[in-house]
Undergrad: 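Pasting in a structure now, in structure tokens, and then I'll have a few things to ask.
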There are 2 protein chains.
Amino acid sequence: MEENETLECCNEIHNEVVEKVSSQMPPDEILYDLAELFKVFGDSTRVKIICALFESEMCVCDIAQVLGMNQSAISHQLRVLKQSRLVKYRREGKTVYYSLADSHVQAIFNQGFEHITE
Amino acid sequence: MEENETLECCNEIHNEVVEKVSSQMPPDEILYDLAELFKVFGDSTRVKIICALFESEMCVCDIAQVLGMNQSAISHQLRVLKQSRLVKYRREGKTVYYSLADSHVQAIFNQGFEHITE
DNA sequence: TATATATATGAACAATTATTCATATGAACA
DNA sequence: TGTTCATATGAATAATTGTTCATATATATA
């Protein structure tokens, strides 16, 4: 991390661009939060969980079956998804049903899907 | 990873759902690639680079200035972005100019942005 | 050809994280 | 109340990864 009172690129001609871009960057905190959100999508187990929930709400055990993983691993990942407000849940007796929180989840998923499949 | 010839949830009533969801899951390879893509968005340095490139194409040195990081770190991250086809570049003498590869990048970014700011 | 400059890259280290195992919590029911 | 079952969680381990430092590559120019 270098200090620069006046931002200067190695290429003097670019200093104007550097100043302009710097002034238009969103706050660090926003960009940090955004990275944290994408980090949640950046794990294949969680992507699979999200994808499964497109079809139907499911209990933890259901999801574990579909993914062929154990209950604990799924539960840990559901907590991550819950903390990012990507899934919601409802309790019914001993069973907890998870489902997708809102349409952004599908929108983000679809955009990514388009990118890799073109 | 448990073996299950016939998928069975702890809740017998759910077996139908488990079978249906399982049959509609995209291939593992696709979901793995999708997670890899989002992983690239899941780092604040790379998110900042992407965000900076929304404004203008820039050389490596420009980007390093805007982010207040050293050239090597930026160059390493640009390679990651390049490998995921999120940025493209053109060489002009000693300088290499980077820019965003396509509109999916902005679309994914915007969807994420909407999610965290609502 | 020798030098300077912009960028790329390999190795190493520190930090983060996904999974497993063991166990705890919470709800239903005998 | 005690037992069973679905889910949650803490600790530990293994694997991944971002940054730094040192150095290599590639281009321009003297």
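First the proteins, then the strands, lettered A, B, ... as listed; each starts at 1.
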Undergrad: To the nearest 0.5 Å, how far apart are CD in B:Gln71 and CD1 in B:Ile63?
TA: 11.0 Å

Undergrad: Among residues at least two apart in sequence or on other chains, which ones pass side-chain contact (heavy atoms from CB on, under 4.5 Å) with B:Val40?
TA: B:Arg46, B:Val80, B:Leu81, B:Ser84, B:Leu86

Undergrad: Which of residues 46-56 of chain B sit near DNA chain C, with a heavy atom under 4.0 Å from it?
TA: none

Undergrad: Could you tell me how far apart A:Asp43 (CG) and C:dT16 (P) are, to the nearest whole angstrom?
TA: 17 Å

Undergrad: Assuming nearest nucleotide by heavy-atom distance, tell me which of A:Thr45 and A:Glu92 is located more 5' along DNA chain C.
TA: A:Thr45

Undergrad: Measure the distance from CG on B:Asn70 to C1' on C:dA6 and round it to the nearest whole Å.
TA: 14 Å

Undergrad: List for me each residue that meets ring pair (Phe, Tyr, Trp, His ring centres under 6.0 Å) alongside B:Phe109, sequence neighbours excluded, and say none if there are none.
TA: B:Phe54

Undergrad: Going 5' to 3' through nucleotides 4-16 of chain D, assign each nucleotide B (protein heavy atom under 4.0 Å from a base atom), S (under 4.0 Å only from sugar-phosphate atoms) or - (no protein heavy atom that close).
TA: -BSBBBB------

Undergrad: Just jot down the side-chain contact (heavy atoms from CB on, under 4.5 Å) partners of B:Glu57, sequence neighbours excluded, or say none.
TA: B:Arg90, B:Tyr97, B:Ser99

Undergrad: Going by side-chain hydrogen bond (donor to acceptor under 3.5 Å, both in side chains), name the residues that satisfy it together with A:Gln111, two or more places apart in sequence or in a different chain.
TA: none

Undergrad: Which residues satisfy the side-chain contact (heavy atoms from CB on, under 4.5 Å) test with A:Arg91, sequence neighbours excluded?
TA: A:Val96

Undergrad: Can you name the residues that form a side-chain contact (heavy atoms from CB on, under 4.5 Å) with A:Gln24, not counting sequence neighbours?
TA: A:Lys20, B:Glu55

Undergrad: Under the rule for side-chain hydrogen bond (donor to acceptor under 3.5 Å, both in side chains), what residues qualify as partners of B:Glu114, not counting sequence neighbours?
TA: A:His104

Undergrad: Sort and list the pairs that fulfil ring-ring contact (aromatic ring centres under 6.0 Å, His included) and have at least one residue in residues 64-83 of chain B, not counting sequence neighbours.
TA: none

Undergrad: Tell me: CD of B:Glu36 to P of C:dA18, nearest whole Å?
TA: 12 Å

Undergrad: Write down the distance between CD (B:Gln77) and P (C:dG10), rounded to a whole number of angstrom.
TA: 15 Å

Undergrad: Under the side-chain hydrogen bond (donor to acceptor under 3.5 Å, both in side chains) rule, collect the residues that match up with A:Asp28, sequence neighbours excluded.
TA: B:Lys48

Undergrad: Should B:Tyr98 and B:Asp62 count as side-chain neighbours, where that means a heavy-atom distance under 4.5 Å?
TA: no

Undergrad: Whole Å only: how far is the CE atom of B:Met69 from the C1' atom of D:dG18?
TA: 8 Å

Undergrad: Pairs counted as Watson-Crick or G-U wobble with both distances under 3.5 Å: what dot-bracket string results for DNA chain C, using | for bases tied to another strand?
TA: ||||||||||||||||||||||||||||||

